[in-house]
Amino acid sequence: MKSLRMLVLLAAALVLAGGAQMATAAGDHDSCLSVNATAIGQDLGHGRTTSTIVHAGILSGTTTGQLEITGGTPPVVTLAGTGVLTTHDGTLTLSLVGTFNQATGAIEATGQVVAGTGVFAHATGTLMFVGVEDLTTGSFTNTITGTVCLAHD
């Protein structure tokens with residue numbers, strides 16, 4: 001049960017990205033957001049997470065995550081799954097992989113942008129999630145860093 005809770009926490013953390021700022025253009029048609037954010041969420045069990053992103057500009061919103069344990073040697077297990085960030089401007093979907101320490105609650109994961117809607121349609125980028133889950137309550141906090149590039153037609 002703790003393993004699933006940890007996975008859910010990781011998923012939520014991966015999806016939460018607060019504190020995004022515009023960075024230099026990656027190309028003639030892309031505008032990139034440099035992300036340095038904090039995610040606060042809850043492990044819902046069975047690999048599911050939810051969180052809220054605030055003060056993150058275009059990335060402010062909510063997240064859901066779904067993760068599965070894919071291997072590792074307890075207490076450190078490997079995880080994979082999907083996270084979805086929902087904002088007023090669209091959705092951003094990430095494919096997540098990482099590790100979760102079932103003894104300490106430490107989480108590290110990388111999320112590759114795989115889909116988007118609204119302003120996030122055809123977006124690219126990678127986000128790194130590093131944080132910790134309270135193994136008693138299931139609440140978690142993550143620091144999110146990376147870059148998301150928005151495509152412009």
When rounded to the nearest 0.5 angstrom, what distance separates CD1 in I53 from OG in S60?
7.0 Å
On a heavy-atom basis, the closest approach of L96 and G83 is CD1-N, 3.8 Å
Is any side-chain heavy atom of F120 closer than 4.5 Å to one of I58?
yes
Report yes if the side chains of L44 and T50 come closer than 4.5 Å at any heavy-atom pair, otherwise no.
yes
Say you draw a straight line from CG of L59 to OG1 of T87; how long is it, rounded to the nearest 0.5 Å?
7.0 Å
Can you find a pair of side-chain heavy atoms, one from T93 and one from V113, that are under 4.5 Å apart?
no
Side-chain donor-acceptor pair under 3.5 Å between T91 and T117, yes or no?
yes
When rounded to the nearest 0.5 angstrom, what distance separates CG in L92 from CG in D89?
11.5 Å
Main-chain N/O of S51 paired to T63 side chain as donor or acceptor, under 3.5 Å:
yes
Shortest non-hydrogen contact between A80 and T70, atoms and distance:
CB-CG2, 3.6 Å
Go through the side-chain N and O atoms of Q66 and T82 and say whether any donor and acceptor fall under 3.5 Å apart.
no
Is the shortest side-chain heavy-atom distance between T99 and N101 below 4.5 Å?
no
Run the side-chain contact (heavy atoms from CB on, under 4.5 Å) check on T64 and T62 step by step: do they pass?
CA-CA 7 Å; T64 59; T62 61; over 6 Å; no
Spacing of CE belonging to M128 relative to OG1 belonging to T110, to within rounding of 0.5 Å
4.5 Å
Just how far is it from atom OG1 of T137 to atom CD of Q42, taken to the nearest 0.5 Å?
6.0 Å
Mind listing the closest non-hydrogen atom pair of H122 and A151 along with its distance?
O-CB, 3.6 Å
Enter the distance from L85:CG to L94:CG here, rounded to the nearest 0.5 Å.
7.5 Å
